[in-house]
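Structure first, then comments.
Below, all heavy atoms of this structure are taken into account, side chains as well, without hydrogens, waters or symmetry copies.
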Amino acid sequence: MHEGQARAYTNIALIKYWGKKNEELILPMNNSLSLTLDAFYTETSVSFSSQLQADTFVLDGKLQESAATAKVSRFLDLAREAAGTQLRATVKSTNFVPTAAGLASSASGMAALAAATNAALGLELSDSDLSRLARRGSGSACRSIFGGFVEWEQGEDDQTSLAHPVASDSFEDDLAMLFVLINDKQKDVSSRDGMRRTVATSAFYPGWLQSAPQDLATLKAAIAQKDFTTLGETTEANGLKMHATTLAAVPPFTYWSPQSLVAMDLVRSLRARGSECYFTMDAGPNVKVLCRRQDEAFIKAAFAEIFTPERLILAHAGPGIQYF
């Protein structure tokens with residue numbers, strides 16, 4: 001029996017990853033930059049045994065069906081190949097997310113699976129190699145290997161596409177992110193299908209690719225200078241540009257819901273009244289509000305006048321992979 005256990009935290013991209021240039025290797029079309037957060041995480045154990053005839057996958061206490069198990073098995077095959085073994089495994093994974101959050105994260109899930117497998121098979125992968133491996137399960141998982149600000153280099157092949165920490169002189173410790181949970185129903189268009197459709201058909205996608213490197217450079221300069229205003233403005237603008245590409249896809253689609261617009265309007269209103277905050281959204285209706293720690297209580301209270309308490313979750317910068 002070979003067993004490993006690990007915890008990984010989710011991350012939210014400030015400069016978005018949107019679109020793949022290689023589906024099999026999960027190589028992105030542009031570099032992205034994220035902040036790892038402490039509020040949501042996944043704990044995973046992996047046990048390899050000669051007694052097992054097939055891989056099994058248990059998520060949140062429930063044995064998973066063949067499709068989910070097959071995805072985990074394909075990922076484990078990469079590690080088995082590296083270790084030179086054919087042993088099957090039992091994978092047990094728990095997502096620590098608040099009830100009704102609708103935020104079961106593939107990023108934290110696949111990062112935790114990669115790390116637990118690394119430990120179970122004694123691969124002794126470096127964090128860089130672990131980032132490459134996690135990427136093969138879910139693109140954004142490569143960023144959850146590290147804490148704080150993290151950049152994912154798009155690269156050109158399996159070796160050069162990986163994440164690394166961004167030096168920040170602890171700037172992230174001054175920040176907070178309020179999750180405004182709009183909807184926990186399954187999305188009409190998955191992230192994977194949405195990316196594929198946008199890359200293939202959106203008239204706005206070339207503009208996205210053209211502007212992303214400048215957004216990234218501006219954000220990295222803001223981190224280096226601890227410039228919250230530029231960090232926030234760039235984060236908000238980049239997220240809006242990503243979502244704009246979906247409106248020009250064929251057929252068009254959006255991840256926004258009416259309540260998403262309410263949350264975005266409140267951010268603009270708070271800003272106009274002197275409480276500096278900015279929003280970003282991923283491929284779903286939930287809104288994330290970036291602010292300074294000193295303002296988090298006031299901003300959360302403002303949102304609590306519109307959204308119920310269980311829909312508001314405050315997060316701060318989180319750590320990288322943890323083994324236990």
Next on the checklist: I'd like to know whether Lys16 forms a side-chain contact (heavy atoms from CB on, under 4.5 Å) with Asp215, so could you lay out the CA-CA distance, the side-chain angles of the two residues, the decisive distance to 0.1 Å, and finally the verdict.
Outcome noted: CA-CA 10 Å; Lys16 301 300 187 189; Asp215 286 350; over 6 Å; no
Item to check | Stepwise side-chain contact (heavy atoms from CB on, under 4.5 Å) check, Leu240 with Asn238 | outcome: CA-CA 5 Å; Leu240 285 169; Asn238 182 265; over 6 Å; no
Item to check | Step-by-step side-chain contact (heavy atoms from CB on, under 4.5 Å) determination, Asp282 to Lys288 | outcome: CA-CA 9 Å; Asp282 294 307; Lys288 293 91 177 178; 3.3 Å; yes
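- Residue Asp157 qualifies as enclosed at atom CG: its count of foreign heavy atoms under 6.0 Å is above 12.
- Judged by distance alone, the side chains of Thr308 and Glu310 do bring a donor and an acceptor atom under 3.5 Å apart.
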Next on the checklist: What verdict does the side chain to side chain donor-acceptor pair (under 3.5 Å) test give for Ser168 and Glu172, after you've listed the backbone C-alpha separation in whole Å, the side-chain angles of each residue and the deciding distance to 0.1 Å?
Outcome noted: CA-CA 7 Å; Ser168 63; Glu172 66 270 23; 2.4 Å; yes
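- Classification of Asp77 and Arg136 as a salt-bridged pair fails, no side-chain N sitting under 4.0 Å from a carboxylate O.
- Two residues are said to be in side-chain contact when any heavy atoms from C-beta on lie closer than 4.5 Å; Gln86 and Arg80 fail this criterion.
- Salt bridge status for Asp174 with Lys226: absent, with no side-chain N to carboxylate O gap under 4.0 Å.
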Checklist entry - Do Val180 and Ile313 pass the side-chain contact (heavy atoms from CB on, under 4.5 Å) test, and can you show the C-alpha distance, the side-chain angles, and the key distance before you say yes or no? => result CA-CA 7 Å; Val180 186; Ile313 295 148; over 6 Å; no
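- Salt-bridge formation is not detected for the pair Lys241/Glu236: no Lys NZ or Arg NE/NH1/NH2 atom is positioned less than 4.0 Å from an Asp or Glu carboxylate oxygen.
- The list of ring pair (Phe, Tyr, Trp, His ring centres under 6.0 Å) pairs with a residue in residues 216-237, not counting sequence neighbours, reads Phe228-Tyr278.
- The structure places OG of Ser49 at 12.0 Å from CZ of Arg88, a figure rounded to the nearest 0.5 Å.
- The ring pair (Phe, Tyr, Trp, His ring centres under 6.0 Å) pairs that include a residue from residues 73-92 number zero, where partners must be two or more places apart or lie in different chains.
- Taking the side chain as every heavy atom from C-beta outward, Ile12 and Thr280 approach each other to under 4.5 Å.
- In this structure, Leu312 and Lys300 have side chains that are in contact, with non-hydrogen atoms separated by less than 4.5 Å.
- Counting heavy-atom neighbours within 6.0 Å of Glu81 CD, excluding the residue itself, gives a total of 12 or less.
- Side-chain atoms of Lys92 and Thr56 include no donor-acceptor pair closer than 3.5 Å.
- Contact annotation: the side chain of Tyr323 never approaches that of Gln5 to less than 4.5 Å [non-hydrogen atoms, C-beta and beyond].
- Looking only at atom types and distance, the side chain of Trp152 has no donor-acceptor partner in the side chain of Ser131 under 3.5 Å away.
- Between Gln154 and Lys21, some side-chain heavy-atom pair lies under the 4.5 Å cut-off.
- Between the side chains of Ser93 and Thr44, at least one donor-acceptor pair of N or O atoms lies under 3.5 Å.
- The aromatic rings of Tyr9 and Tyr41 sit tilted, their planes meeting at an angle between 30° and 60°.
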